[in-house]
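Because the structure is a prediction, the values reported are computed rather than measured.
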Amino acid sequence: MKFLSDFFPVLLFFAAYFIGERNAVQAQEWAARLLGGIVRDGVIPPEQAAILLATALAIVAITTQLVVMLALRKKIGIMQWTTFVIFLGFGGATIYFHNDNFIKWKPTVLYWLFGVVLLVSNTFFKRNLIRKMMEPGGLLLPDPIWRQVNLAWIGFFSIVGVVNLYIAFNFSRDTWVSFKAFGLTGLTFAFAIGQALLLSRHMSTPEEAGEQANVNKS
């Protein structure tokens with residue numbers, strides 16, 4: 001359910017963009033009506049109307065999600081706040097400057113930031129954030145395996161950030177929007193599943209973990 005909730009703004013972005021592209025005149029009218037007062041110079045190029053509307057709608061969606069979660073007093077993780085702030089910054093710049101280069105950079109900056117945080121936290125503060133997120137759910141692994149998992153996610157975030165830029169600036173905007181909606185999500189999901197399958201070989205029960213801890217102490 002949480003995955004579907006997180007995916008909703010991305011799916012909305014995808015749908016709004018392609019609906020706008022296929023209804024260019026209406027998209028231009030709606031963009032001028034809704035966004036004309038906040039874009040630089042007050043002029044929205046016709047070729048930017050669909051992407052600007054899609055970006056604005058996604059910002060509204062992710063903002064609404066956070067407001068609802070706050071109203072329901074649900075915990076909002078640091079990754080959700082980080083995603084929101086970066087989306088708001090790059091999405092807002094996309095709309096104001098009516099330039100889709102900003103929104104194209106957004107996934108890369110987000111992934112690279114995640115990678116840097118994992119690296120810095122583990123290297124300088126001796127805190128494995130991947131372990132901190134996953135271990136409370138019952139995933140018990142040896143320390144060397146946790147280090148490998150952390151490095152694997154750092155590598156994944158680094159590579160996917162590069163792939164996003166390659167798609168964004170070497171293919172059509174339609175291709176990039178499709179990749180953003182389904183390619184990035186699919187890659188992340190596939191990597192997580194692959195990690196889970198590999199880690200299942202090293203998992204231990206709480207009893208085994210306790211015995212190992214006693215052995216280490218002795």
Looking only at heavy atoms, the pair that brings T185 and F7 closest together is OG1-CE1, 3.6 Å
Residue pair F171, F179: steps toward the ring-ring contact (aromatic ring centres under 6.0 Å, His included) verdict
CA-CA 10 Å; F171 292 86; F179 174 74; 9.1 Å; no
Would you mind reporting whether V160 and L184 have side-chain heavy atoms less than 4.5 Å apart?
yes
Roughly how far apart are L129 CG and I154 CD1, rounded to 0.5 Å?
9.5 Å
Do V120 and V149 belong to the same hydrophobic cluster, where Ile, Leu, Val, Met, Phe, Trp and Tyr are linked whenever their side-chain heavy atoms lie under 4.5 Å apart, directly or via other members?
no
Walk me through whether W146 and M134 qualify under side chain to side chain contact (heavy atoms under 4.5 Å, CB included).
CA-CA 10 Å; W146 279 122; M134 299 177 69; 3.8 Å; yes
Do I19 and I95 belong together in a cluster built from hydrophobic side chains that touch within less than 4.5 Å?
no
Is there a chain of hydrophobic side chains (I, L, V, M, F, W, Y, each step under 4.5 Å between heavy atoms) that links I86 to V116?
no
So, do T188 and Y111 sit near enough that their side-chain heavy atoms are less than 4.5 Å apart?
yes
Walk me through it: do L113 and F157 pass the test side chain to side chain contact (heavy atoms under 4.5 Å, CB included)?
CA-CA 9 Å; L113 179 61; F157 287 139; over 6 Å; no
Contact check, side chains of Q80 and Q65, non-hydrogen atoms, under 4.5 Å
no
Minimum side-chain heavy-atom gap W105-F90 below 4.5 Å:
yes
Shared hydrophobic cluster, V85 / V67 (ILVMFWY, side-chain heavy atoms < 4.5 Å):
no
I193 and F189, any side-chain heavy atoms less than 4.5 Å apart
yes
Could you note down all residue pairs passing side-chain hydrogen bond (donor to acceptor under 3.5 Å, both in side chains) where residues 154-170 supplies at least one of them, sequence neighbours left out?
T108-N164, N164-W176
Please indicate whether W30 has more than 12 foreign heavy atoms, meaning atoms of other residues, nucleotides or ligands, lying under 6.0 Å from its CH2.
no
Using a 3.5 Å distance criterion without hydrogens, assess whether the side chain of N128 forms a donor-acceptor pair with backbone atoms of R131.
yes
Heavy-atom donor-acceptor pair, S121 side chain to R127 backbone, under 3.5 Å:
yes
Can you measure from CG (L151) to CG (N122) and round to the nearest 0.5 angstrom?
7.0 Å
Step-by-step side chain to side chain contact (heavy atoms under 4.5 Å, CB included) determination, M79 to M133
CA-CA 11 Å; M79 291 182 68; M133 288 188 294; 4.0 Å; yes
Aromatic contact between W153 and F114, with the criterion being ring centroids under 6.0 Å apart: yes or no?
no
Does K106 qualify as a cation-pi partner of F87, given the criterion of NZ or CZ under 6.0 Å from the six-membered ring centre and within 45 degrees of its axis?
no
Do we get K104 above F169's six-membered ring, with its NZ or CZ under 6.0 Å from the centre and within 45° of the axis?
yes
Taking the side chain as C-beta and beyond, is there a heavy-atom pair between L12 and P9 under 4.5 Å?
no
Pair Y96 + F102: ring centers closer than 6.0 Å
no
Group every Ile, Leu, Val, Met, Phe, Trp and Tyr by side-chain heavy-atom contacts under 4.5 Å, then state whether L165 and V163 land in the same group.
yes
Show every donor-acceptor pair shorter than 3.5 Å between a side-chain atom in residues 35-63 and any protein atom, with sequence neighbours excluded, or say none if there are none.
from: T55; atom 1: OG1; to: I51; atom 2: O; distance (Å): 2.7
from: T63; atom 1: OG1; to: I59; atom 2: O; distance (Å): 2.7

When you check the side-chain N and O atoms of S178 and T175, is any donor under 3.5 Å from an acceptor?
no
Side chains of I76 and F84 in contact at under 4.5 Å (non-hydrogen atoms)
no
L141 side chain reached by L199 side chain, heavy atoms, under 4.5 Å:
yes
What's the spacing between Y17 OH and K180 NZ if we round to 0.5 Å?
13.0 Å
